[in-house]
Novice: 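This structure is in structure tokens; I'll ask about it shortly.
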Amino acid sequence: MSLSVAYNTARSSLLASQSQMATVSRNITGASDPSYSRKIAALVTQGGAARVVTLRASDAALLSKMLETTSDAATQKALLEGLEKLSQTVGDTELDESLAARIGALDSALKQYANAPDNSQYARAFVTAATNMASSLNQATSAVQAIRLEADGKIADSVARINDLLAKFEKANQQVVSGSALGADVTDAMDTRDNLIAQLSEEIGVTVVPRAGNDIALYTDSGVPLFDKTARQVKFDQTNVYAPGTTGKAVYIDGIQVTGAEALMPLNSGNLVGLVAVRDDVAVTYQRQLDELARGLIETFAEKHQTDASKPDLPGVFTVAGATSVPAPPATTGLAGLIRVTDEIDPTKSATGTFANIRDGGINGAAYRYNPDPDNAAFSGRLYGLVGEISKERTFDKTLGLGETVSLREFAQGSASWVESSRQSADQSLNYRNTLLGHASEALSNATDVNEDDETALMLQLEKSYSASAKLISVIDQMIKTLLNAVG
């Protein structure tokens, strides 16, 4: 080997070691950054010369798994938060605030009144229990609609975040593609791009499709394009007021509907999916249960025509404004928010109101009066009849899954159990998916993150290589000087 060849080899080694040491220092600096991927300084030979190319540690399969589990966990988290708010509307059973407890209180007050039908205090206690029952249904309806309104607002926030992330992703992807074409180091831009995809997966299920030149296309987990050269626009019109019959607006991506029953390519995971499920599914189902319970109450306390069986039953103690008949199953949407106690049984609410209408009937006129003798204050047949109606099994909307033929209290208990069961199921599902996410994140971290001990060991090796190259150059320099002195 000539001195010139030895010198060039030593010089190349010195420069390579210098670049590799710079990469190791860069890794140690980025070790605390969760979005940083380990950089690798690889030696390549080109045109007879060696040079250092910076690569990035990555694992497409593990990244895909982490994105999938992130989206699934986000779905369950949004669903669980909605169910926890719904469970608060059920009321504290220990404080007798639940709907089932309200029905129990109504039953107890009615039995006490039936045992002493001439006692106005017992009549007043029944009116109070009935008013509490109606108020609980009204308040639960308002709370359910507030939960739907809150979910709608969060959907709008989620869509805004998705559009913001897609805009940032477009810039990062352009930087990667143009830098790759020029042969520049684009590893930091690729880190930024992956970090944006990870954030995007929290809101919506994402599928990553690599392309030539380090380009990337993004699709939803249902196949709708999110990014293909340019970011696709995600649109949603927020609804500012929610009533029981209000239908929330759908989300569109590039004009394609991705949420709601009409969606041909519905989203499968992500925070957005969980919020839509709370707004359009869970809360709506619970509202239907409340409405059906309200219908059952009106039916239970309905009055019958005493002389003509062909005449329709009419609402009694419980009614709604403008009611002309007892509602048939399934209940009309929002009935629980409209139910109230008739003023005809409360002398403080109406000039014609009297407690005796509870005992004797006749809220709908003399033809619906059960007590044949208006002066008989000991009449209790109607009250005991109502006690029997409360415990009687009656038909409810079977599509609600709470039983087709059950008593009022059993239906109310079934509704509360449904909310709690759904909440527990979502909680367990979230814990399971968080565990999967932890494993996926750890596996990806092991593959791409920086190990400071390994980097330190590598730095020591590079320092030795650098010192050896420097020593070789020094020796060559001394040899050349000696040679020149001998010639000269």
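In this text the structure is predicted, and so the values were computed from the model without any measurement.
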Novice: Quick one: does Asn138's side chain have a donor or acceptor within less than 3.5 Å of a partner on Ala336's backbone?
Specialist: yes
Novice: Any sub-3.5 Å donor-acceptor pair from Glu170's side-chain atoms to Ala231's backbone N or O?
Specialist: yes
Novice: Going by an N to O cut-off under 4.0 Å, is there a salt bridge joining Asp228 and Arg211?
Specialist: yes
Novice: Shortest non-hydrogen contact from Ile363 to Gly316?
Specialist: CD1-C, 3.6 Å
Novice: Parallel, tilted or perpendicular, judged at 30° and 60°: which one describes the rings of Phe227 and Phe169?
Specialist: perpendicular
Novice: Is there a donor-acceptor contact under 3.5 Å from the side chain of Thr75 to the main chain of Ser71?
Specialist: yes
Novice: Between Thr187, Asp194, Asp191, which is the residue that forms a side chain to side chain donor-acceptor pair (under 3.5 Å) with Ser37?
Specialist: Asp191
Novice: Can you find a side-chain donor-acceptor pair between Asn115 and Tyr384 that sits under 3.5 Å?
Specialist: yes
Novice: Could you tell me if the side chain of Phe355 sits less than 4.5 Å from the side chain of Val127, heavy atoms only?
Specialist: yes
Novice: Minimum heavy-atom separation for Met66 to Leu444, with atom names?
Specialist: SD-CD2, 3.6 Å
Novice: Taking the side chain as every heavy atom from C-beta outward, state whether Arg382 and Glu303 have any pair of such atoms under 4.5 Å apart.
Specialist: yes
Novice: Salt bridge between Glu292 and Arg288, side-chain N to carboxylate O under 4.0 Å?
Specialist: no
Novice: Is the shortest side-chain heavy-atom distance between Pro315 and Ile298 below 4.5 Å?
Specialist: yes
Novice: Does Gln233 reach the side chain of Asn163, with side-chain heavy atoms less than 4.5 Å apart?
Specialist: yes
Novice: Hey, is Arg161 close enough to Asp157 for a salt bridge, meaning N to O under 4.0 Å?
Specialist: no
Novice: Could you walk me through whether Ser325 and Asp313 pass side-chain contact (heavy atoms from CB on, under 4.5 Å), step by step?
Specialist: CA-CA 6 Å; Ser325 64; Asp313 295 349; over 6 Å; no
Novice: Under 3.5 Å, is there a donor-acceptor pair between the side chain of Thr239 and the main chain of Gly248?
Specialist: no
Novice: Are Phe318 and Leu137 side-chain neighbours, meaning at least one heavy-atom pair lies under 4.5 Å?
Specialist: no
Novice: Write down the atom of Ala283, the atom of Val144, and the distance for their closest heavy-atom approach.
Specialist: O-CG1, 3.5 Å
Novice: Examine the side chains of Arg102 and Ser98 and answer whether a donor and an acceptor come within less than 3.5 Å of each other.
Specialist: no
Novice: How close do Ser32 and Thr29 get, heavy atom to heavy atom, and via which atoms?
Specialist: OG-O, 4.2 Å
Novice: Charged N to carboxylate O below 4.0 Å: is that the case for Arg295 and Glu299?
Specialist: yes
Novice: Run Val208 and Ile216 through side-chain contact (heavy atoms from CB on, under 4.5 Å) and show every step you take.
Specialist: CA-CA 7 Å; Val208 181; Ile216 275 182; 3.9 Å; yes
Novice: Testing the 3.5 Å rule here: is there a donor-acceptor pair between the side chains of Asp291 and Gln287?
Specialist: yes
Novice: Is the cationic atom of Lys39 (NZ for Lys, CZ for Arg) positioned less than 6.0 Å from the six-membered ring centroid of Tyr36 and within 45 degrees of its normal?
Specialist: yes
Novice: Is the closest side-chain donor-acceptor distance between Thr352 and Glu344 under 3.5 Å?
Specialist: yes
Novice: If we only count heavy atoms from C-beta on, is the Leu86 to Ile147 side-chain gap below 4.5 Å?
Specialist: yes
Novice: For residues Ile103 and Met133, determine if any side-chain heavy atom of one lies less than 4.5 Å from a side-chain heavy atom of the other.
Specialist: yes
Novice: Tell me whether Arg148 forms a cation-pi arrangement with Tyr242, defined as NZ or CZ under 6.0 Å from the six-membered ring centre and within 45 degrees of its axis.
Specialist: no
Novice: Under 3.5 Å, is there a donor-acceptor pair linking the side chains of Glu203 and Asn271?
Specialist: yes
Novice: Of Glu420, Arg423, Gln88, which is the lone residue that meets side-chain contact (heavy atoms from CB on, under 4.5 Å) with Leu83?
Specialist: Arg423
Novice: Side chains of Thr300 and Arg394: any donor to acceptor distance under 3.5 Å?
Specialist: yes
Novice: Under a 4.5 Å cut-off applied to non-hydrogen side-chain atoms, are Leu437 and Thr70 in contact?
Specialist: yes
Novice: Can you give me the closest heavy-atom contact between Leu110 and Val387, atom names plus distance?
Specialist: CD2-N, 3.6 Å
Novice: Any salt bridge linking Arg56 with Asp188? Criterion: basic side-chain nitrogen under 4.0 Å from a carboxylate oxygen.
Specialist: no
Novice: Applying salt bridge (charged side-chain N to carboxylate O under 4.0 Å, His left out) to Lys249 and Asp237, what does each step give before you reach the verdict?
Specialist: CA-CA 6 Å; Lys249 301 286 191 345; Asp237 293 327; over 6 Å; no
Novice: Heavy atoms only: give me the nearest Asp346-Thr348 pair and the separation to one decimal.
Specialist: OD1-OG1, 2.6 Å
Novice: Does a salt bridge link Asp254 with Arg232, judged by any charged N lying under 4.0 Å from a carboxylate O?
Specialist: yes
Novice: Keeping Ser135 on the side-chain end and Asn132 on the backbone end, is there a donor-acceptor pair under 3.5 Å?
Specialist: no
Novice: Would the distance check show the side chain of Ser178 and the main-chain N or O of Gln174 forming a donor-acceptor pair, the cut-off being under 3.5 Å?
Specialist: yes
Novice: Thr307 and His305: side-chain donor and acceptor closer than 3.5 Å?
Specialist: yes
Novice: Supply the atom-to-atom distance Lys77 NZ to Asp427 CG, rounded to the nearest 0.5 angstrom.
Specialist: 13.0 Å
Novice: Does CD in Gln199 sit with more than 12 non-hydrogen atoms of other residues, nucleotides or ligands closer than 6.0 Å?
Specialist: yes
Novice: Rounded to the nearest 0.5 Å, what separates atom CG in Leu226 from atom CG in Leu200?
Specialist: 6.0 Å
Novice: When you measure from the side chain of Asn371 to the backbone N and O of Asn376, does any donor-acceptor pair fall under 3.5 Å?
Specialist: yes
Novice: May I have the step-by-step check of side-chain contact (heavy atoms from CB on, under 4.5 Å) for Arg38 and Asp449, ending in yes or no?
Specialist: CA-CA 5 Å; Arg38 180 173 180 267; Asp449 280 6; over 6 Å; no
Novice: Start with the C-alpha gap between Leu314 and Tyr368, add the side-chain angles, then the distance that decides, and say whether side-chain contact (heavy atoms from CB on, under 4.5 Å) holds.
Specialist: CA-CA 9 Å; Leu314 295 177; Tyr368 288 84; 3.5 Å; yes
Novice: Would you say the side chains of Asn195 and Ser35 form a donor-acceptor pair under 3.5 Å?
Specialist: no
Novice: I'd like to know if the side chain of Ser441 reaches the main chain of Gly438, judged simply by a donor and an acceptor atom lying under 3.5 Å from each other, with no hydrogens or angles considered.
Specialist: no
Novice: Between Ser222 and Asn268, does the side-chain hydrogen bond (donor to acceptor under 3.5 Å, both in side chains) criterion hold? Intermediate values first, please.
Specialist: CA-CA 7 Å; Ser222 58; Asn268 298 312; 5.4 Å; no
Novice: I'd like to know if the side chain of Thr69 reaches the main chain of Lys65, judged simply by a donor and an acceptor atom lying under 3.5 Å from each other, with no hydrogens or angles considered.
Specialist: yes
Novice: Please test Glu81 against Lys85 for salt bridge (charged side-chain N to carboxylate O under 4.0 Å, His left out), starting from the C-alpha separation and ending with a verdict.
Specialist: CA-CA 6 Å; Glu81 289 176 353; Lys85 288 185 174 66; 5.4 Å; no
Novice: Under a 3.5 Å distance rule, please check whether Ser201 uses its side chain to pair with a backbone N or O of Ala198 as donor and acceptor.
Specialist: yes
Novice: Give the ring-plane orientation class for Phe411 versus Phe396, where under 30° counts as parallel, over 60° as perpendicular and anything between as tilted.
Specialist: parallel
Novice: Going by atom types only, do Asp221 and Ser269 share a side-chain donor-acceptor pair under 3.5 Å?
Specialist: yes
Novice: Decide whether Gln238 and Asp152 meet the rule of one side-chain donor and one side-chain acceptor closer than 3.5 Å.
Specialist: no
